[in-house]
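Just below is one structure, and these are the notes that go with it.
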Amino acid sequence: MMLAAPIVLPLALAAAMLLSLRAVRLHRILAIFGTTLLTVLSIRLLLDVRTGGVVAVQMGNWPAPFGITLAADLFSAIMVVLSSLTGFAVVLFSVFAPEMRRESHGYHPLVMILLMGVNGAFLTGDAFNLYVCFEIMLMASFVLLALGGERPQIEGGVKYVALNFFSSALFLAAAGLLYGAVGTLNMADLSVKVAAAEDKRLLTAISLLFLAAFGIKAAVFPLFFWLPASYHTPAPAVSALFAGLLTKVGVYSMIRFFTLIFPLEPDFTQPLVQWIAALTMVTGVLGAAAQHEFRRILSFHIISQIGYMVLGLGLFTPLGLAGSVFYILHHIIVKTNLFLIAGVVLYARGTGELSELGGLYRSRPFLSLLFLIPAMSLAGLPPLSGFFAKLALLVAGLRVQAWALVAAALAVSLLTLFSMTKIWGEAFWKAEPDPSKNHAPPPHPALMTPIALLAGVTLVIGFFAGPLLELSLEAAEQLLNPSEYLNAVLGQKP
Amino acid sequence: MEALLAAVIGVLYGAGVYLMQRRNMVKFLIGLALLSHGANLLIFTAGGLTRGAPPLIPEHAGTPTSPHADPLPQALILTAIVISFAVLAFALVLFLRAYQTTGTDDLNDLRSTDT
C-alpha cells in the first residue's frame, strides 16, 4: 500500500482542505505536515524499490492487463521523492509569501491536487491513467496559473490552456489508436505486445503522435512557445512549482514510453530525438540570452535544460539515460530554487526587470550567496550538482561519438553561464539605479528557509554525486532492460 | 460504418484545426471542442465496432459469448468526455475573463506576455 500513498495522501489532504475552504491557517498546517509526511513516505518507497526491486500493485485485485496497475521502478520512485520535496519547499515558501488573497481562494488544495496528479503520472502503469493523471495535474495548474486574475496571468493562461488542451487531444487520440492497434493499454502488456507486433509501421506512426503530445507538455524544440509566455506570470511560489515539476512530467512520460513501449529505432526515432534535443538546448539558451527579466530568463532556461534531459534519451545508452535521470534530479531542485529566489527579489524590489534591479549583493548578501549556488549549478560549475549531470551526459555522448551533440551541449553550457552572470551582474552586483522608487515592504525572513533547504540539497547532490550517479545508473539499467518491470506487473502476485 | 465514421472524424479534425487557426477566442474554443469529439470518435472506431452484441454474460456461462462488443473504448471515452467537458468549461470561463480584461477576442492581440 506504500505505493498508492503518494497519490492518496494529497487527495485526502485536498479533500480535507476543501471541506474547510475558508480556514487558511488550517490549510497551511495541513499542507506543511502533509508534504513532510509525503516526502518521508516517498523516500521510504525509494528505499523499498532500491532493495526489493520494482513494486507493482493491482487496484481491486484484477490481474494485470485488465485492472488498473500502479508500478514503481527506481526512476518513478526518484521522481516521486523529487516532487514531494519540491511540494514541501513550495508550500513552505507560500506560507510566508505575502499573498493571502490567493491562499483563501483554494491555493493549498490546488497544490495538493497538482501533486496528486504529478505523483499519479509517475506511478501509473497504464497509458490511459497517465492521460487522466495528466489532466488532473493540468486542471490544477490551469487554476493555479490564473489564480489572482491579473492581466499577464490571464494572457499567459489562455496560451497555456489552449496548447495543453491540444496536446491532451493528441495524447487521447494516440492512446485510442494504440488500443485499436494492439488491444491493451497496460504499459507492461503494451511493451510485450508492441515488441511482438509484425508490422511496426503503424506503431511507429502512433509513437510519433505520443512524441508530439509529450513534446508539447515537456516544451521541446518546435513546441515550446507556450512556456515562456506563461511561466513568468503567476505568483512566485506557483511558477516555482510549475518550473520544477510540470515539464518534467512530459520528459518522464517520454522516457517511459520510449524505453518501455517503443524503444528508439536507431535509424529513425533516435536521430529524431537527438535533433529535437540539440535544437531545444540551443534555441532555449539563445532565447534566455535575449531576455532582460529575471523569471523570463529562467523560463527560457527550463527549455534549454529540457534539451539535456531529452539528449540522454536520444543517446539511448545506460550512461546516457543515467545522465538524464541525474539531470532531472538536479534540475528540479535547482530550478525550483531559482524561481523561489526570483520570487524573493520580486517581493523585495517589486520588479523583476534587470535594468531596474541592482545592489542586492550589498543589501542581501545571504540571498546573493544562495542565488550563486543554484545558478552556478545550473551553468555546470564543479563541484555543484549540474557539473556531474552534464559530465555524465557528455561522457555518454563521447562514448557513442556524437561529436556534434557534445559540442552543442558544451556551447549551451557556456551560454547558460553567460546569462547567469548577466543576472548576477545586473540584479546583484551593480548599484541600485534608483533606490527611492522602491516602496515594497521587506519580505518575511522565513522565506529564506525553503531556499536554504533547496540550496543545501543541491550541495548534497554535488557532494554525493558518486552514489547518486550509481542510483541513476541502476535506474537507467532498469529502463533499458524492462524484464524486471514486466515481471513485477504481469507476473502472478503471491 | 467504419468508413462513415472515419469520414466524420476527418471532418471533425479538419473543422477543429481550421477553427483553431481563426485567431478568434470563441472559434478557437469551438475548434477545441470539435477536436476532442473527433478524438473520442477516433477511440470508438479504433477500438473496433461490433453491432448488436452487448458484452453481457449469459446465464450459466462464466464468460461473455463471442462475438461481443469491447466495453473498454466506451469506458475510456466516457472518462475522456468528462475530462474534456471540465477543461472546456474552465477554458470558457478563462477566455471570458480574458475578453473582459483585455477587451479583445482576437488571439493575435494577446502579446503582452510574449517575448
Side-chain angles (χ1 to χ4, degrees), chain A residues 66 127-129 131-132 134-136 138-139 142-143 145-146 149-166 168-181 183-185 206 225-233 287-288 290-293 296-297 299-300, chain B residues 2 9 12-13 16-17 20 25 28-29 31-49 70 72-73 75-77 79-105 107 109-115:
Chain A
F66 307 110
F128 192 76
N129 281 314
Y131 166 76
V132 176
F134 258 123
E135 293 300 311
I136 293 172
L138 285 176
M139 270 314 276
F142 292 162
V143 187
L145 184 68
E150 286 156 26
R151 179 172 172 155
Q153 284 185 306
I154 299 289
E155 286 196 16
V158 165
K159 289 161 201 166
Y160 181 74
V161 169
L163 258 293
N164 278 298
F165 201 160
F166 182 70
S168 296
L170 272 184
F171 186 2
L172 190 61
L177 287 172
L178 190 59
Y179 182 75
T184 181
L185 281 172
I206 295 173
F225 294 98
W226 56 271
L227 192 148
S230 59
Y231 266 29
H232 61 94
T233 56
Q291 293 300 314
H292 293 280
E293 207 263 350
R296 283 193 196 195
I297 297 180
S299 302
F300 271 101
Chain B
E2 268 94 348
I9 294 165
L12 280 175
Y13 265 83
V17 171
M20 284 170 70
M25 280 188 202
F28 189 91
L29 279 174
L32 278 178
L34 290 183
L35 206 65
S36 59
H37 290 317
N40 289 336
L41 278 181
L42 182 72
I43 297 178
F44 190 56
T45 317
L49 301 175
D70 185 352
L72 194 69
L76 300 184
I77 295 167
T79 316
I81 288 175
V82 173
I83 292 174
S84 70
F85 179 71
V87 178
L88 194 68
F90 177 79
L92 259 173
V93 177
L94 181 75
F95 279 44
L96 174 67
R97 183 66 188 267
Y99 174 66
Q100 286 169 348
T101 334
T102 60
T104 173
D105 64 347
L107 289 167
D109 292 341
L110 301 183
R111 283 280 163 94
S112 73
T113 65
D114 274 3
T115 43

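Labels below follow one simple rule: chain letters A, B, ... track the order of the sequence lines, proteins then strands, and each chain is numbered from 1.
With a threshold of 4.5 angstrom between heavy atoms, Ile83(B) approaches chain A through side-chain atoms but not through N, CA, C or O. Looking at Tyr99(B), neither its backbone nor its side chain comes within 4.5 Å of chain A, counting heavy atoms on both sides. Contact of Leu88(B) with chain A is made through backbone and side chain together, with heavy-atom distances under 4.5 Å. Leu185(A) touches chain B through its side chain: at least one heavy atom from C-beta onward sits under 4.5 Å away, while N, CA, C and O do not. Heavy atoms closer than 4.5 Å to chain A are found nowhere in Phe44(B), neither backbone nor side chain. For Ala162(A), the parts lying near chain B are the backbone and the side chain together; criterion is any non-hydrogen pair under 4.5 Å.
Of the listed residues (Ser84(B), Ala46(B), Ala39(B)), the one with the most heavy-atom contacts under 4.5 Å to chain A is Ala46(B). Per-residue counts of heavy-atom pairs under 4.5 Å with chain A were compared for Leu72(B), Thr102(B), Thr101(B); the largest is that of Thr102(B). Comparing Asp70(B), Leu29(B), Ile77(B) by heavy-atom pairs within less than 4.5 Å of chain A, the highest count is held by Asp70(B). With chain A as partner, the option from Ile9(B), Leu76(B), Leu41(B) having the largest number of non-hydrogen pairs under 4.5 angstrom is Leu76(B).
For the residue pair Ala91(B) and Val161(A), the shortest heavy atom distance occurs at CB-CG1, 3.9 Å.
Between the side chain of Thr233(A) and the backbone N or O of Ala229(A), no donor-acceptor pair lies under 3.5 Å.
Here the options are Thr45(B), Leu42(B), Leu49(B), Ile43(B), the test is side-chain contact (heavy atoms from CB on, under 4.5 Å), and the partner is Pro73(B); only Ile43(B) passes.
Considering only heavy atoms from C-beta on, Phe142(A) stays 4.5 Å or farther from Leu94(B) through its side chain. By the 4.5 Å heavy-atom criterion applied to side chains, Ser299(A) and His232(A) are counted as neighbours. Contact annotation: the side chain of Tyr160(A) never approaches that of Leu227(A) to less than 4.5 Å [non-hydrogen atoms, C-beta and beyond].
In this structure, the ring of Phe128(A) has its center less than 6.0 angstrom from the ring center of Tyr131(A).
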